> 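Submitted below is the structure of interest, expressed as structure tokens.
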Amino acid sequence: MSELNELTPEEIEDSQFQKIRFRIYSTALNAHGYIMSLNVLKKYANTIQGKPILTYYMPHADNGNGDFAGHEDSSWAQETAVGFFPNDCKITYEKDLDGTVFMCADGYIWTVYYDYVVDVFKNNDGSKGVSSELYIIDSKVDEETNIEEILQYSFTGLTLLGEQDAMGVPIRPAVEG
């Protein structure tokens with residue numbers, strides 16, 4: 001407690017969170033058969049604001065260094081909100097060499113209770129996979145290709161992903177990068 005007495009209230013407030021930049025969604029065709037135009041991605045991007053960052057943390061994974069799991073929703077493994085995207089988060093776009101455009105924003109991990117989440121990023125060169133959680137409000141399916149084009153959506157959160165889920169099944173990202 002003595003360390004906190006040496007800080008200003010503003011410094012204490014700032015020390016409670018770690019800002020992390022996330023690639024949240026892209027214009028690429030994903031493994032679930034969904035695609036979205038850049039126009040649609042931008043139109044509803046602000047729905048990430050105020051949404052949670054979720055994960056299920058496995059402390060003994062990655063040779064005891066700890067890692068995230070997948071979409072865990074059972075009586076013994078449940079995702080927890082470990083951070084958030086602020087209501088005023090700035091949304092940016094980044095283009096990969098292959099032309100894929102990623103929507104990006106800064107989220108915050110609550111280090112007071114989840115400092116081990118930040119450690120997972122540190123142990124993996126600052127990079128981990130994510131899963132974008134969203135409601136698809138409107139879409140259309142191309143009957144020839146069976147690809148579903150998202151026309152309207154709303155984010156519900158972002159899940160941090162590890163190398164395997166809580167049952168040990170490997171996790172493959174829906175979109176590389």
Side-chain angles (χ1 to χ4, degrees), residues 20-58 61-62 66-86 89-109 117 120-121 124-177:
I20 297 178
R21 189 178 150 284
F22 292 97
R23 281 182 157 188
I24 299 169
Y25 207 87
S26 79
T27 57
L29 175 65
N30 68 31
H32 305 298
Y34 297 115
I35 196 163
M36 184 186 309
S37 71
L38 181 57
N39 202 25
V40 170
L41 182 61
K42 287 182 174 184
K43 186 172 183 178
Y44 303 104
N46 67 344
T47 64
I48 196 65
Q49 295 172 338
K51 299 306 185 330
I53 298 169
L54 308 159
T55 197
Y56 178 72
Y57 177 74
M58 299 186 304
D62 190 24
D67 198 3
F68 311 132
H71 295 287
E72 311 305 334
D73 185 21
S74 70
S75 59
W76 61 274
Q78 180 71 48
E79 291 179 49
T80 302
V82 297
F84 65 97
F85 291 96
C89 70
K90 182 180 177 189
I91 296 165
T92 59
Y93 300 88
E94 193 175 281
K95 191 180 235 183
D96 257 5
L97 295 174
D98 68 359
T100 299
V101 177
F102 288 87
M103 178 193 130
C104 305
D106 291 334
Y108 292 83
I109 303 299
V117 169
V120 171
F121 282 98
N124 289 276
D125 298 323
S127 182
K128 288 301 290 180
V130 298
S131 175
S132 301
E133 314 311 326
L134 51 87
Y135 287 128
I136 298 174
I137 299 167
D138 190 19
S139 66
K140 66 179 179 183
V141 177
D142 182 314
E143 295 194 20
E144 286 181 28
T145 63
N146 209 30
I147 294 172
E148 187 169 356
E149 181 181 3
I150 298 172
L151 303 173
Q152 185 179 17
Y153 71 95
S154 179
F155 284 108
T156 61
L158 187 81
T159 299
L160 306 177
L161 299 176
E163 301 304 313
Q164 57 188 19
D165 69 13
M167 298 298 293
V169 176
I171 296 172
R172 190 175 151 262
V175 174
E176 291 298 325

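Remember, it's a predicted structure, so these values are computed and weren't measured experimentally. For reference, positions follow the sequence shown, starting with 1. All values below come from the heavy atoms of this structure, side chains included, with hydrogens, waters and symmetry mates left out.
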> Taking all non-hydrogen atoms of both residues into account, name the closest pair between Val101 and Leu41 and its distance.
O-CD2, 4.3 Å
> Do Glu79 and Thr55 come close enough that some side-chain heavy atom pair is under 4.5 Å?
no
> Going by atom types only, do Ser131 and Glu133 share a side-chain donor-acceptor pair under 3.5 Å?
yes
> To the nearest 0.5 angstrom, please state how far the CD1 atom of Ile20 sits from the CG atom of Asp106.
9.5 Å
> Measuring from Asn46:CG to Lys90:NZ, what's the distance to the nearest 0.5 Å?
15.0 Å
> Is a donor on one side and an acceptor on the other found under 3.5 Å between the side chain of Asp165 and the backbone of Met167?
yes
> Is the shortest side-chain heavy-atom distance between Phe85 and Gln49 below 4.5 Å?
no
> Distance check, rounded to the nearest 0.5 Å: Met103 atom CE versus Ser26 atom OG?
11.0 Å
> Between Arg23 and Asp96, does the side-chain contact (heavy atoms from CB on, under 4.5 Å) criterion hold? Intermediate values first, please.
CA-CA 11 Å; Arg23 281 182 157 188; Asp96 257 5; 2.8 Å; yes
> For Ile150 versus Tyr34, what's the shortest heavy-atom pair and its separation?
CD1-CB, 4.0 Å
> Roughly how far, to the nearest 0.5 Å, is the CG atom of Leu134 from the CE atom of Met36?
6.0 Å
> Which atoms form the tightest heavy-atom contact between Tyr56 and Ala166, and what is the distance?
CE2-CB, 4.0 Å
> Are Val169 and Gln164 side-chain neighbours, meaning at least one heavy-atom pair lies under 4.5 Å?
no
> Identify the heavy atoms of Tyr57 and Gly66 that sit nearest to each other, and give their distance.
OH-CA, 3.4 Å
> Could you tell me which non-hydrogen atom of Ile24 sits nearest to which non-hydrogen atom of Ala105, and how far apart they are?
CD1-CB, 3.7 Å
> Between atom CD of Glu148 and atom NE2 of His32, what is the distance when rounded to the nearest 0.5 Å?
12.0 Å
> Evaluate side-chain contact (heavy atoms from CB on, under 4.5 Å) for Thr159 paired with Phe68, printing each intermediate quantity in order.
CA-CA 9 Å; Thr159 299; Phe68 311 132; over 6 Å; no
> Quick one: are Ser74 and Glu72 in side-chain contact, heavy atoms under 4.5 Å?
no
> Identify the two heavy atoms, one from Arg172 and one from Ala31, that lie closest to each other, and give their separation to 0.1 Å.
NH1-CB, 4.0 Å
> When the ring centroid of Phe22 is compared with that of Phe102, is the distance short of 6.0 Å?
no
> Do Ile137 and Tyr44 have side chains that approach each other closer than 4.5 Å (heavy atoms only, starting at C-beta)?
no
> How about Ile48 and Tyr25: do any of their side-chain heavy atoms sit closer than 4.5 Å?
no
> Please tell me if the side chains of Leu160 and Ile53 come closer than 4.5 Å, counting only heavy atoms from C-beta onward.
yes
> For Asp138, does the CG atom have more than 12 heavy-atom neighbours from other residues, nucleotides or ligands under 6.0 Å away?
yes
> Could you give the distance from OG1 (Thr27) to CD1 (Ile35), rounded to the nearest 0.5 Å?
7.0 Å
> Side chain of Ser154, backbone of Tyr135: donor and acceptor closer than 3.5 Å?
no
> Side-chain contact, heavy-atom cut-off 4.5 Å: Glu163 with Asp62?
no
> Tell me, with the steps shown, if Lys51 and Phe84 meet side-chain contact (heavy atoms from CB on, under 4.5 Å).
CA-CA 6 Å; Lys51 299 306 185 330; Phe84 65 97; over 6 Å; no
> Indicate whether the side chain of Asp98 and that of Thr100 have a donor and an acceptor atom separated by less than 3.5 Å.
yes
> Step by step, work out the side-chain contact (heavy atoms from CB on, under 4.5 Å) result for Thr92 and Cys104.
CA-CA 5 Å; Thr92 59; Cys104 305; 3.5 Å; yes
